[in-house]
Structure formats: C-alpha cells, structure tokens
2 protein chains.
Amino acid sequence: MHSSDVYASSPAMHGNALTALACGRAQTGPSGQRIAEALRLLSSTVDVQRRLVRAGDTVYQTGQRFSHLYILNSGIFKLLSLSSDGREQVAGLKFRGDWMGFAGIAKGHYVCDAVAMDTGEVWAVRYDTLLAACARQPELMMLLHEAMSAEIVRERETMLSVCTLPADARVADFISYWADSLASRGLRTDQITLCMTRAEIGNYLGLTLETVSRALSKLVRERLISFEQKGRRDISIPDMGLLRSYAQRGQTAAGHTLQ
Amino acid sequence: MHSSDVYASSPAMHGNALTALACGRAQTGPSGQRIAEALRLLSSTVDVQRRLVRAGDTVYQTGQRFSHLYILNSGIFKLLSLSSDGREQVAGLKFRGDWMGFAGIAKGHYVCDAVAMDTGEVWAVRYDTLLAACARQPELMMLLHEAMSAEIVRERETMLSVCTLPADARVADFISYWADSLASRGLRTDQITLCMTRAEIGNYLGLTLETVSRALSKLVRERLISFEQKGRRDISIPDMGLLRSYAQRGQTAAGHTLQ
DNA sequence: CGATAGATTGAGTAGGGTCAAAGTTTGTGG
DNA sequence: CCACAAACTTTGACCCTACTCAATCTATCG
C-alpha cells in the first residue's frame, strides 16, 4: 500500500460529517468509540506521560514555554485566557479525548491556563516527539489535524452563540453543548452536573453571574430543565430537543405561547 | 541531519513568541518576510492551483465536500458561518498568508462560505496531497500546524474582545486588529481601508450597524481616528498606541479626561 | 440625473448590567 | 455533632448600554 492511498479519503473515512449531521451540532471530538481508538493509537505510537489531577490543578500556565500538548483521558478542564490588560475569560471547555495547548504552537508559549475542574487524568506528549511520530504515522497526523480542526469549529460555534443569541438562549445553548459533549462520549445526558459556578458560566458566555442565574431560573420555570434536590449544579433535562430548539430560536418559541 | 533534529526547537526557531510579545498582540500569521518564505516553501513543495478572485467571489461554500485547503496570496477574505437555524455571522477575516478551510478537516465538509472582499489570488492545495507532503517535509508540517494554531489564537482573542469589551472599545479593538494584520504583512497602517460595510463589522463584533456607526463617530470625535475625504471607509490612525490603549481599557482612559 | 446601497443621527425602549440583601451549601474547627 | 465562616446562588430594584425604528444624508453606478 503506497502512502498516498492512506491520505486519499481521510475526512470521509472517519465519517465525521455523518455523525455531525445526525446530531445537528458539531462535536468537540469524535464519538465515544472513536475517542477510545484515538487514545489507543496515541499511546501506542508516542510516549505519553500520564498525570492524575484534582479539581483546581493547573496543567500549564500562560507564558510558560510551549513544549507539550496534553490529551484529556478523563475529567473536565477549562482553559483560561488572560489578556495583557487583565481581562480574564474562560476560553474553552475540554472533555475526554480533547487536546489542550494548541494555541501554544504558533506563539512558542502557552496562551491560556489549563485548569482541571474535576479529578481526571491527562496525558502529556512532547510536541517535537509528536511531530516526528506524525511523519511516520499518517493516521496520527490526521488525528492531530482533526483535533485542531474540531477546536476551530467549536470556537466558531461559541462565537456564533455569543454574538447572536440573547442571554436565555445562550445559557440554553451552553447546557445543550455540555450535554452533547457528554453524549458524544457515551455518557448520560438526561441528568448532568455542571462543575462550574454561575460566575464561570457567565464569564464563558459573556454574561454576568446574575444573568446566568436568572436565565437558569427561567429555564426551570419553562420546564426545559430542572434542578436536582440538594445543590443547584445537577440539572435534569427532560427533553433535549425542546431545550435545543429554545436555544436556536431564541425565546421566540416559548415567547409567543407563555409571554 | 537526522529528522528529529528538525523538530527539536520548532516553536522557538521561528521566533513567533518574540514577535508577538513585541507588538503586544497575537498575529494572525507570521511577519511579512516569514509569509513570503512560507508561500515559497508551500509552492515549491506541493502542487498549488492558483486562482484570481474579485470582490464577492466565493472560494468554497458551506456544505460542500471538503477537499482543498486555500492559502491567500493577496486580497482579503471573510469567512461566513451559517447556523442551521439561519443565523449568519462573519466568523473570521483572512489576509495574505492565511489559510482557509481548516474547519472542514474535522467535519468532512466546509462549514463556512469563504468570500473575497477584494481582488486577490488564492492558492488551492489538495488536502490529501498536502498530508503526504507533510510526512516528507517536516517544515511544511510545522507550517501547517502553526497556521492552524494561529487561527485558534485569533479566534480566542476575538472571543475575549466580544465578551469583555463595551461597544466602542470593541470597534477600536477591531480597527487595531485590522491595522496589526496589515502591519505584520509589511503594509502601511497609518491609513487603512476597511472593505466592509458597517453591517458586516457589526455582525462580526456582535453589534448592530448603528452601534458601529456611532462608535466610529465617537472615535473620530475623540481624535483616535479620522476619515479621509470622500468615502467613510478610509480611516487614518494618527496614533496606534492611543487607539490600542483605548481598546484595551474600555472607554475609561478617555472617559475620565474628556467626558 | 435618478436610483440604490450604505452611513449617520435621533428618539424611545428593553435587555442585561450593577448594586444590594437574603438565602443555601459546603467546609472547618471546636 | 454543631456552629460558624466562606463561597455560591437567588432575587429585587434601578439604571445604562446598546437595540429598534425612523428619517435624512452621502456615495456610487447605470
């Protein structure tokens, strides 16, 4: 088999297009099984350094010299952007199978803090080693490119949400996104735990914590979500479809029936 | 020279970190000379298909099967995101040396329209061919990764701007970004031509066209920019530093002296 | 020269920010 | 095990920024 055969049908081969269309939303990463495959390929091809983390642990920090990429095996991370003038923002959320540190490639240093929001395990891979391995292993290179591409896709979706949706819909969209992220990793989505404070969610969505709180209360009132007893971080989603359509159409859908 | 030597110092080797720190803002791409080098490397390594475009021409459209990446040799492009429910957004701006189509890698189809806003020339490269070439040419692979990484960085900066800045500062930040993009390609920045309507700028920044217009008027009043006679698309920037600090600090800086 | 697309500006409004006061959880130390 | 503190959340009242609607003005092009 000549090497060019391997590349020939790369995008279609993995069937991302179909998956994405089917669920009506882009995926931060490949589906559950694909993630497992990807992790297996990675760990069998390059030397990974495993590290257990607990909520609050930082894997890398803004300004540190770029050297490794990190792949999330379990747990949930947030990326914190810090601008030169002190503004801070949650720039992204990472789940199992996601990569972290891409932005460092172009700059030579990390441009975010990567902070665990949960116990979990990250794999560190030296970037130079990875490049060398990619040259030998086309599948690995494709994997890497898909991961970077997926990050670009996700960031655009976030932009679209932030720029075009009113507050309530933005929060609904956020919850849908979180649930989809879990779903594409084979986890339950009827009941999810947001391991973020209202302030963090607001920061991520360009809203204040009060507005997030009000939006959540409104979603509860409209029966699109409900809180579990004891603690307001466990959310039940009776009908993902309803929630998602609310997010997409702004409050128009509910607006003309209830308000 | 063994191939692993080539990878060893990849990020530092290109000196992006220094450049970025010096100008206080991330670059969408490498500096003028580096872009020329990159384009030379690309055209000498893989088979590029050159295409001249005029304002309004579309290079690829949402939904088309992904097959090529596009590199901008001259001109300015916008990327248009189109969500399933009809919301539309200018998702990015592309200048000489920038790549287009990355988001298609993960999805198998393009997720934006790429539209020329000016006459220019784009180079099309088959993605499968490119992958094969990357395996042989480490420099090419690094180039590609840096371009994808730079896009991620830029998108994060946009998010930060959109989520944390008031309207006037956001517009100021946008103009600074445009000027920086030109500067890093060796072009004049004291006088620039925004080839976008107020509606497009507003859409990109999550504002209405009226708000953009008012913000521009305000910037003129505060002498941070001025319009050229005949046409309100040619903008003079007497002092980039002032404009940039206005963008970063919101209107606080001007607020306590003028208002 | 009119027609059309784009830009500016004003007036009124509403969505979301700000400030403030309680209420809930979680965690810690006695 | 309880009490207290600290962190987080909710809700209300008020206000301001940016959106909406509308009129007018300016360029560009046939």
Side-chain angles (χ1 to χ4, degrees), chain A residues 54-56 78 87 89-90 117-118 161-175 193-221 225-235 250-252 254-255 259, chain B residues 54-56 78 87 89-90 117-118 161-175 193-221 225-235 250-252 254-255 259:
Chain A
R54 308 178 60 183
K78 63 179 171 185
R87 285 172 288 146
Q89 202 199 4
V90 178
M117 297 196 297
D118 205 352
S161 173
V162 164
C163 284
T164 66
L165 294 181
D168 304 322
R170 230 182 283 180
V171 172
D173 188 65
F174 169 75
I175 297 172
T193 300
L194 302 178
C195 48
M196 298 172 74
T197 66
R198 305 292 189 253
E200 284 174 317
I201 297 172
N203 180 289
Y204 182 52
L205 299 176
L207 301 170
T208 59
L209 68 93
E210 293 95 331
T211 302
V212 173
S213 181
R214 279 185 250 267
L216 287 171
S217 299
K218 184 170 178 186
L219 292 176
V220 170
R221 247 179 285 129
I225 63 172
S226 63
F227 288 124
E228 290 311 297
Q229 73 288 12
K230 294 280 182 187
R232 295 167 227 75
R233 286 196 180 178
D234 294 322
I235 292 182
Q251 54 250 79
T252 331
Q259 197 172 330
Chain B
R54 307 178 59 183
K78 62 179 172 186
R87 284 171 290 146
Q89 202 200 4
V90 178
M117 298 197 297
D118 206 352
S161 174
V162 164
C163 284
T164 66
L165 293 181
D168 304 322
R170 228 182 286 179
V171 172
D173 189 65
F174 169 75
I175 297 172
T193 300
L194 301 179
C195 48
M196 297 172 76
T197 66
R198 304 292 188 254
E200 284 175 316
I201 297 172
N203 180 289
Y204 182 52
L205 299 176
L207 300 170
T208 59
L209 67 94
E210 293 95 332
T211 301
V212 173
S213 181
R214 279 184 249 269
L216 287 171
S217 298
K218 184 170 177 185
L219 292 177
V220 170
R221 247 180 285 128
I225 64 171
S226 63
F227 288 124
E228 290 310 296
Q229 73 287 13
K230 294 279 181 189
R232 296 168 224 73
R233 284 193 181 180
D234 293 322
I235 292 182
Q251 52 250 78
T252 331
Q259 196 174 330

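Throughout, a chain's letter reflects where its sequence line sits, starting with A, and its residues are numbered from 1. None of the values given here were measured: they were computed from a predicted structure.
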d(CZ, Phe227(A); C1', dC8(D)) in whole Å:
12 Å
For Arg87(B) and Thr164(A), test the side chains for any donor-to-acceptor distance below 3.5 angstrom and give the result as yes or no.
yes
Rounded off to whole Å, could you give me the CG-to-P distance for the Asn203(B) and dC19(D) pair?
12 Å
For Thr197(B), what residues pass the side-chain hydrogen bond (donor to acceptor under 3.5 Å, both in side chains) criterion, not counting sequence neighbours?
none
What is the separation between atom NZ on Lys218(B) and atom C1' on dT17(D), rounded to the nearest whole Å?
10 Å
Report yes if at least one side-chain N or O of Ser217(B) is closer than 4.0 Å to OP1 or OP2 of dT9(C); otherwise report no.
yes
Arg233(B), nearest nucleotide to its side chain (from dA7(C), dT8(C), dT10(D)):
dA7(C)
Over how many whole Å does the gap from Asp168(A) atom CG to dA14(C) atom C1' extend?
13 Å
Do the side-chain N or O atoms of Arg198(B) get closer than 4.0 angstrom to the phosphate oxygens (OP1, OP2) of dA5(C)?
no
Looking at every strand, decide which applies to Gly206(B) at a 4.0 Å heavy-atom threshold: base, sugar-phosphate, or nothing.
sugar-phosphate
Without decimals, in angstroms, what is the distance between Arg170(B) CZ and dT17(D) P?
14 Å
When the C1' atoms of the five terminal pairs at each end define the local axes, what inter-axis angle does the helix from dC1(C)-dG30(D) to dG30(C)-dC1(D) show, to 10 degrees?
40°
Whole angstrom value for the distance that separates P of dC8(D) from CD1 of Ile201(A):
12 Å
Whole angstrom value for the distance that separates P of dT9(D) from CG of Leu194(A)
10 Å
Rounded to whole Å, please give me the gap between CD in Glu200(B) and C1' in dA5(C).
12 Å
Quick one: what's the B/S/- string for nucleotides 20-30 of chain D, heavy-atom cutoff under 4.0 Å, read 5' to 3'?
BB----SS---
